[in-house]
Amino acid sequence: MSVKYTEYQQLNLPSISEEILAKWKKENSFEKSVQLREGKTPFVFYEGPPSANGMPGIHHVISRTLKDLVCRYKTMQGFQVKRKGGWDTHGLPIELGVEKELGITKEDIGVKISVEDYNKKCREVVMRFKDKWDDITQKMGYWVDLNAPYVTFENNYIETLWWCLSELYKKGYLYESVSIQPYSPAAGTGLSSHELNQPGTYKDVKDTSAVVMFKAIKSEKISLKSAKGDVFFLAWTTTPWTLPSNLGLTVGPNIDYVLVKTFNPYTHLPINVILAKNLLGKYFKAEGENGDFDTYSAETKLIPWAVFAELKGSELEGMAYEQLLPFEANTLEKIQELTPGAQPFRVITGDFVTTEDGTGIVHTAPAFGADDFRVGKKNNLGILTLVDKQGKFIDGVGEFSGRYVKNYKDEKDYVDVNVDISVKLKKENRAFKVEKYEHNYPHCWRTDKPIIYYPLDAWFIKTTAVRDRMVELNKTINWKPASTGTGRFGNWLENMVDWNLSRSRFWGTPLPIWRTEDGEEEKCIGSVQELNNEIKKAAEVLGGETNKHYLHDGILDLHKPYVDEITLVSDSGKPMKRVPDLIDVWFDSGAMPYAQWHFPFENKETFEQNFPADFIAEGVDQTRGWFYTLHALGVLLFDSVAYKTVVSNGLVLDKNGNKMSKRLGNVVDPFDTINSFGADATRWYLITNASPWDSLKFDSEGIREAQRKFFGTLYNTYQFFALYANVDGFAFKENYIPVKDRPEIDQWILSSLNTLIKDATRYFDEYEPTQAGRAIEDFVDEHLSNWYVRLCRRRFWKGEYEHDKICAYQTLYECLEVLSQLMAPVAPFFADWLFNNLNAVSGRFTVASVHHSDFPRADASVIDTDLEKRMQLAQDTSSLILSLRKKVNIKVRQPLQKVFIPALDSAMAERIQQVADIIKAETNIKEVDILAADNDFIRKKAKANFKTLGKRLGGKMKWAAEQIAGFDNTLINRVMEEPYTLNPEDAAKGGEPIIITGEDLEVSTDAIPGYEVAVKGQLTVALDIVITDDLKMEGDAREFVNRVQNIRKESDFNLTDRIDVQVLENAGLQPSLIQYKDYICAEILADSLAFLPVLNAGTEIEVNDVTLKVNILKKV
RNA sequence: AGAUCCGUAGCUCAGCCUGGUUAGAGCACUACACUGAUAAUGUAGGGGUCAGCAGUUCAAAUCUGCUCGGGUCUACCA
């Protein structure tokens, strides 16, 4: 008739996962969990789209666990949490993968393979591991809606991106400009930062470096007039080929510079040079300072030098100098022709200048360095690009024209142009030091040739225009951890530059801008319909073959090459072609709040309800990725944050703290992990081991520990409950017994439980799942299993099914039930399993899954902090007594008469009194004798309370502490009663009196003579270890019970089987057994205990060094 | 190079915000005990210059500064 709690052979977490997963599938538990909250407040979550062209790794499991647990928690808190999944499908990694697979390079696209076929291939590859992802998603228990995911390559998605771009265009935020980018002359292509970060691109190479001399033009303004002869700025470069393009010198405004009189080591001519003071030692030998200038000749080894002026960089600003290498192509006229109004050849200031290397004066060629470009633009230096895209000097650079700046073509007899430039400068008295310099320089990963930084056209979003607003709104975002928001992200925002959108690739979202050949007119398209209209319009105006394939159905695929085949017409009637660029994939993902709903073309209302997100979470590596692009677009388009809370989780490292990489072979396969340990233990470990934002040293031993320690203990507790509840038929059918009517121990565990609910709720609300998990763990281990169940064991298997027993069942049941709910967000399978096992019998909930239930609410009326403290006292006391027993080697089964516990005050006495029974039972002691506060039996010890006294006493603290340590009982008692002056003599002489009160003392007890004593903090116990004959007999009886119980167990008797016991007569134990016969029989469920002179059958047992023979007979 | 996180027992981590005089857990190790939850549990033991240096303070693991080591992100250097 009655349903039983399911009992198990042993804990098998993976099979629990499987079983529950099947149940979820069958019952559509996820969909149901969302449906059940229909009409409730939405909690908006954005899923950062993974790319399915790579295998999922263990690091995906941690961030998804985090996302999942928050969503599950919020659902249980009554919110409706829809979780639309998504896939990131564009981007360089995909293209590179395809190229590798096809054995082609970027240059082959459009030649060996059509763009159409290439993109087709990309589209195939992009979902290659979707099955694996779906698999891990399910197995790890990640609830996300994959039925209608957003996919970034779909037309609708791209259409929204176009809408976003056109909005930005309308606001004037989208513009084209030159920027300095890594460029590979050998490959003839720009490189993305991603390509630059491929392993092995940075190599140590030796290059010709030169410290060159720029001749200053003396002016009235600067006090260099005092220098006799020419004055030169020293500047260092590792790329002498950039020197003809030099347009400025940059100094640090706060750096100290010196003017030094010396000789040029190559020409031996007297010169004056300017360089950073810190770097003097690098170029001048100390012994040469103030040397003999008059006798200097070419043969002199030690070059004399002398400092005769010192000045700040800011004082140098504005000084002019002679052009170093004038040629036809870099005359002032040419420069001003290229940049009207440019004013080159001046000293400017820049923050990026350091005195780590070089001279503290930076040769600035705006075309060939990002910093140079920036300061050049700011200071109107103009720009010279005297090197073409093949990497050779253009015409008009004298003898260097046509020469490659590096050996890009593998010429056998290549002569380094950098060396020739240096030689020329040496001859012209313009080189101060030329040497080989070894440094780390980036190389093209494809051609292995050094890259250069080169000005390239690119499209930008003017994020700097809203920088202040982005900073301001960022302050309203709840960052976990906060430091990422203020530090890494905040700093990034402060120093933000415009967003470079352009990518010269094939598989991605095309930039929807069409332009006339002369660049005079352009159009930015914001929707498919607009494009189709324009297609027709262009066909009509331009006629002929224009757009003939697109007239009938309009455009069907918004990718290359189709968009590029389309010609539009300008307002003045000229044909317009699309600019060739694709956009940065980060724009794809950053626009997902809008594009996932195909906003504004559809789902306007849905979008409005789902923006901004309440919560997102990804790895810290997304700080400048997704977190940034989401934020930027939110601010640019809607003047709003895109998310209110963001959790950034740290990296997963291997157990030795190394980054996981395929190369090192230390990657952890998430499938293996979950298959062998189950998703719950894995998730629990990932969450509780370290805060999500700390990097995690992943060690499967830790999962094993979580499995054994936490899940094992909880499982055991359930098993224990099920075992006896099934015997007694407990199904929670009786009325709920008011907590106040239950035994104190029940009140205590329920109080702890409600405190736990309160804490866990707070932690989850604060996005501190680690703290929540640890609190739950502590409760299960310390409170529930190792104290409540241990102390209450007998209540479950002894006695009749009545009040006390029902209290015990109800209490333990409630603990297990609430635990299943508290742990549900983190360990969803086990929690549901536990919940269902309980609910299948009791039917207390109507919902079919713990994930459909409401998160427990703490009942403040049940929380009794005093009781919790008291119990802690009982635990500590018991622990002390047990340690004393151990010390004197008296086993717990041997009863002892008495323990003394000194109470320092009446409150403490009261508390001990209330838990005395528990202590007695736990430690098998007959009496707890509480010594009142004012007894003289014990000696008290006082220690100064540094916290209260320190502030008042300051320097006299040490002295006072010594005084207080010397107090005796009388003095301590006196201070406890009334204020006491510590320094009466001093005070009498007019010194500051030191008055102390009871608060300023920390009183504890000293040893009690004649007893075994143990102390912990303020708590002292003194154990009476005398074993009287009576106690000995009782100990024997208990020991005997234990032996019989073992025999019962070994013989596989049922818990309820009754027995008859026969014992061979013996002198040693018989008196004890007779005296405690009733007790013994009750314990071992014996109907008789008989002493026989002869015993043929039976077992030899040993009880306290006495051997005796017993025979146990099961009653039939 | 800049930013940020981290550094406490052999290992994984608390404690740090709010300074207080014996720095805690768990795992592992050793020994002993317990055994009707038993692939569990208890007790005891060894194991720490709280990365280093300096400062503030009566008092620093805790606050400040610097240095070193590790991770990550960004940048890439004349």
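Numbered from 1 within each chain, the chains take letters A, B, ... in sequence-line order. Heavy atoms only: backbone and side chains are in, while hydrogens, waters and symmetry mates are out.
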Undergrad: Regarding A/Tyr724, tell me which of base, sugar-phosphate or nothing describes its non-hydrogen contacts under 4.0 Å with the strands shown.
TA: sugar-phosphate

Undergrad: Which dot-bracket notation, 5' to 3', represents the base pairing of RNA chain B when pairs are defined as Watson-Crick or G-U with both distances under 3.5 Å, crossing pairs as [ ], and inter-strand pairs as |?
TA: (((((((..((((......[...)))).(((((.......))))).....(((((..]....))))))))))))....

Undergrad: Mind running ring pair (Phe, Tyr, Trp, His ring centres under 6.0 Å) on A/Tyr283 and A/Trp236 for me, showing each step along the way?
TA: CA-CA 12 Å; A/Tyr283 300 99; A/Trp236 179 60; 9.0 Å; no

Undergrad: Taking atom C1' of B/rG26 as reference, at what distance in whole Å does atom CG of A/Asp778 sit?
TA: 10 Å

Undergrad: Sticking with atom P, work out how far B/rC13 lies from B/rA51, rounded to a whole angstrom.
TA: 15 Å

Undergrad: So, is A/Thr717 close to the B/rA37 phosphate, meaning a side-chain N or O under 4.0 Å from OP1 or OP2?
TA: no

Undergrad: Any side-chain N or O of A/Lys709 below 4.0 angstrom from OP1/OP2 of B/rU41?
TA: yes

Undergrad: Does B/rA39 have its OP1 or OP2 closer than 4.0 Å to a side-chain nitrogen or oxygen of A/Arg708?
TA: no

Undergrad: Rounded to whole Å, please give me the gap between CD1 in A/Ile451 and P in B/rA75.
TA: 13 Å

Undergrad: Let me spell it out: for each of A/Trp787 and A/Thr688, pick the nucleotide of RNA chain B with the closest heavy atom. Which residue's pick is nearer the 5' end?
TA: A/Thr688

Undergrad: Produce the list of close N/O pairs, under 3.5 Å, pairing protein atoms with atoms of nucleotides 29-32 of chain B; give distances to one decimal.
TA:
from, atom 1, to, atom 2, distance (Å)
B/rC32, O2', A/Lys886, NZ, 2.7

Undergrad: Between atom CZ in A/Phe779 and atom C1' in B/rG26, what is the gap in whole Å?
TA: 19 Å

